[in-house]
Structures are given as C-alpha cells and as structure tokens.
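As structure tokens, the structure follows; a few thoughts come after it.
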2 protein chains.
Amino acid sequence: MRQTDKWKQTHMNIQIAATRADLPVKTVRYYDDIGLVCPDRLGNGYRDYSARDVNILQFLGRSRSLGFSIEDCRQLLSLYEDHNRASSDVKAIAERHMIEIDKKIKELKAMRETLGNLVTNCHGDDRPDCPILDGLANPDQE
Amino acid sequence: MRQTDKWKQTHMNIQIAATRADLPVKTVRYYDDIGLVCPDRLGNGYRDYSARDVNILQFLGRSRSLGFSIEDCRQLLSLYEDHNRASSDVKAIAERHMIEIDKKIKELKAMRETLGNLVTNCHGDDRPDCPILDGLANPDQE
DNA sequence: ATTGACCTTCCCCATACTGGAGGGTTTAAT
DNA sequence: ATTAAACCCTCCAGTATGGGGAAGGTCAAT
C-alpha cells in the first residue's frame, strides 16, 4: 500500500496527517514539541496520528490562518474540547483578537498613507534630489 | 553638568543620543552591533555620538516607524549618504515596501471580515454552542 | 541485499530587538 | 577621600513561529 492511498486509515504517519491538515510536516512536529497536538507513538518511535488528531490540526490551521497566536490557539483548543464551555469565553478571545487586527490595520494604513505621499512626490529619475529621503530625514518639512 | 543639560553638545553618551533620536538605548547599541550607526569610542570605551550620528538615528527611527526592514534601512541610509544617488533607486525601495504593506492590509482585512462574521453569530453567553468554534472546526458549514 | 522514501532528534537560522548578569567608570554628595 | 547612584561596557539568552539541514534509524519494494 502506498502512503498516498492511505486516505481512509484512521491511523497514519506524520506526512499523511500533515497533508490532510494542509500543514507542513515541520509545523506538525513543532505542534507536538510545544504540546499542542501530541499523537501516540508506535513501537518504532514514529508519531501515529488519529483522525481526531487530524481534526485538531485542521482546527489549528484555520485558527492560525485567522491570525490567532499559538497561545490563543491553545485556549481555543481547550474550549473546543470542553463541552461545558461558555461561548462567551470563546467570544472574548475572538473579540480581543479582532481589536488587535483593527489596530494593526490602522497602523498599516497610516504608514501606507505617509509612504504614498512621499512616493507620489518623488519624480524617480536619475537626479539625486528625493522627497522620500527628505521626508525620512525631516518629517516636518514641507 | 547634568546629562539632561547636555542638549547643545555635539558629542554625547549613548543615552543622550538615544533620547534625542527617541529610541531605546538598547536599540541604539544594537544598531552599532549590526553596523548601522557606529560612533567613535572614547578612551574609556564609551560610545561617543556626534550630531550627525543622531541625525542618522532619527532617520532610522522614522524609516523603521514606516515599516521598512533593517535591510531596507541600510540601503536607504546608503542612498541618503550618497549625493550622486538616483531618486529612482529610493523610489523603487519605497514602492516595493508599499506593495508589501498593501498586501498585509488586504490579508488583515480578510481575516477581520471572517472573524467579524463568526463573532457576530456567537451569542456569547453561558451556553456551550458556539459558531466561532464551529467555524474553526469546519469553515464550509453554513 | 540494496535502494529510496520515510521517520527520528538535535541544532542553527531568521526578525528586531529586550532583559539581565557581571563588572568597570563617572559624577555628585557627604 | 569615600561612597552611592547613575552611567557605561560586553556577552548571553529569550521572544514567536517555524525552516533548513545533518546524522542516523526504519520500512517497503525490487
């Protein structure tokens, strides 16, 4: 049986699990190292991922792609697995993260605007005078 | 003479230089380590910053605050000091950086929207059912 | 038996600093 | 003159999230 035919197995090596979760093998190994997803081990020392492990890896992949930190993910995961959780706890984490994202967007937009002004004013030819450098050297000059 | 009265000196210790450039002392020392701003040294080994060094530190602070990487800053600095530069070289760096910023803004906005939808749908009370966790577990479900 | 594709651990690398330990120097006050 | 505070120095380790690669064990197919 080839590795790539093992789609219906419930136990698999790291590469198959990583492929199913759409994550790099290195990342999956890292998540084991830091105690996020620690699969069973086979007699030869190989990691042995279950279908449930893969589910959790996918959950992590999606959480990370939404920008949650590893520590946020750890909390979300623990809530995910706690069927007595309060949804307000989840919402609090997500809202806190949303505020962070909004803050970053705002910062980037401010940078982008300043930079855009400088770039617009720079003719960008062979001559040395450059409003971008002038602006970086002294932002208060007009 | 107190340190804080040394505003008119053209040679100063690291703390005064850092204060003038509005940068942490640690950062200024780091910029020396990586060869960005390497001041003279006094007989006792202390760094001795000139007014010109402070200018450059300010230039760096502003460039960094616009999100330029240290390596970008190194190039901008070298152009800043090269009076035969072509402004097009500066503009190219700035435009490349602007594209990066635009990309990040776009990514963050996408995250923010997805997250906003999840948060909006979560009632956020004591009950365990939670659209946020559901969305993270399976993003394709409605 | 061998080859190639797996798997393992371990260590270094990246960004741009930040914190702290351990120790020398200068300044101000006594 | 002494002492304490406030400087300064270098070096090491850590942050977050993995990526790259070496050295070596295992497995499947030829």
Side-chain angles (χ1 to χ4, degrees), chain A residues 1-6 9 11-49 53 57 60-75 77 97 100 104 107 111, chain B residues 1-6 9 11-49 53 57 60-77 97 100 104 107:
Chain A
M1 191 193 314
R2 281 174 305 163
Q3 289 278 61
T4 47
D5 284 343
K6 294 185 177 173
Q9 282 184 236
H11 284 75
M12 52 207 127
N13 283 347
I14 193 168
Q15 195 169 53
I16 303 300
T19 302
R20 284 207 201 177
D22 198 23
L23 289 173
V25 169
K26 275 280 192 185
T27 298
V28 174
R29 219 173 260 130
Y30 175 66
Y31 289 168
D32 184 6
D33 288 348
I34 63 174
L36 264 187
V37 184
C38 303
D40 291 340
R41 296 290 183 135
L42 297 175
N44 55 13
Y46 286 18
R47 291 172 180 83
D48 185 30
Y49 287 87
D53 291 330
L57 288 173
L60 288 172
R62 295 189 192 108
S63 303
R64 294 283 301 130
S65 80
L66 287 180
F68 285 104
S69 72
I70 292 285
E71 286 317 304
D72 279 345
C73 288
R74 205 185 292 277
Q75 290 184 52
L77 196 50
H97 181 44
E100 283 301 305
K104 274 186 199 164
E107 286 172 8
M111 285 184 197
Chain B
M1 191 192 314
R2 280 174 307 162
Q3 289 277 61
T4 46
D5 285 343
K6 294 186 179 173
Q9 282 183 239
H11 284 74
M12 53 208 125
N13 283 346
I14 193 168
Q15 195 168 53
I16 304 300
T19 303
R20 283 206 202 177
D22 198 23
L23 289 172
V25 169
K26 275 280 192 185
T27 299
V28 174
R29 221 174 259 131
Y30 174 67
Y31 289 168
D32 184 6
D33 289 347
I34 64 174
L36 264 186
V37 184
C38 303
D40 292 340
R41 297 287 185 136
L42 297 175
N44 56 12
Y46 286 19
R47 290 172 181 83
D48 185 29
Y49 288 87
D53 290 330
L57 288 173
L60 288 172
R62 295 190 191 108
S63 304
R64 294 285 301 129
S65 80
L66 286 179
F68 285 104
S69 72
I70 292 286
E71 285 317 305
D72 279 345
C73 289
R74 204 185 292 277
Q75 289 184 49
L76 289 171
L77 196 51
H97 181 45
E100 283 299 304
K104 276 187 196 159
E107 286 171 7

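The structure presented is a predicted model; accordingly, all values stated were derived computationally and were not measured. We name chains A, B, ... by the order of the sequence lines, and we start the count at 1 in each one.
In this structure, the CZ atom of B:R41 is 14 Å from the C1' atom of C:dT25, given to the nearest Å. Straight-line distance from the CZ atom of B:R74 to the P atom of C:dT15: 10 Å, rounded to whole Å. Nucleotide D:dA13 holds its P atom 16 Å from the CG atom of B:D33, rounded to whole Å. A:M12 has its CE atom 23 Å from the P atom of C:dA5, to the nearest Å. As a whole-Å value, the separation of B:D48 CG from D:dC8 P is 12 Å. A straight line from CG of A:L23 to C1' of D:dG19 spans 14 Å, rounded to a whole angstrom. C:dA21 atom P lies 11 Å from atom NZ of B:K26, rounded to whole Å. Atom-to-atom, CD1 of A:I34 to P of D:dA16 comes out at 10 Å; the value is rounded to the nearest Å.
Each of A:R29 and A:N44 was assigned the nucleotide of DNA chain D with the nearest heavy atom; the assignment lying further toward the 5' end belongs to A:R29.
Between B:R64 and the phosphate of C:dC17, there is a side-chain N or O to OP1/OP2 separation shorter than 4.0 Å. B:T27 has a side-chain polar atom (N or O) that falls below the 4.0 Å cut-off from OP1 or OP2 of C:dT18. The phosphate of C:dC7 has neither OP1 nor OP2 within less than 4.0 Å of any side-chain N or O from A:R47.
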Before giving the answer on side-chain contact (heavy atoms from CB on, under 4.5 Å), spell out for A:Y46 and A:N13 the whole-Å C-alpha distance, their side-chain angles and the decisive distance to 0.1 Å.
-> CA-CA 7 Å; A:Y46 286 18; A:N13 283 347; 4.0 Å; yes

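Residue-to-nucleotide contacts include a donor-acceptor pair under 3.5 Å from the side chain of A:Y46 to the base of D:dG25. In the interface, the side chain of A:Y31 is not paired with the base of D:dG18 through any donor and acceptor atom under 3.5 Å apart.
Heavy atoms of A:I70 sit under 4.0 angstrom from primed sugar atoms or phosphate atoms, though from no base atom. Contacts of A:I14 with the nucleic acid, taken as non-hydrogen atoms under 4.0 Å apart, involve only primed sugar atoms and P, OP1 or OP2.
Across every non-hydrogen atom of B:R47 and B:P39, the tightest pair is CB-CG, 3.7 Å. When every heavy atom of A:Y31 is checked against every heavy atom of A:R64, the shortest pair comes out as OH-CG, 3.6 Å.
A salt bridge links B:E71 with B:R74; the closest basic N to acidic carboxylate O contact falls under 4.0 Å. The residues A:R41 and A:D32 are annotated as salt-bridged, a charged nitrogen and a carboxylate oxygen being separated by less than 4.0 angstrom.
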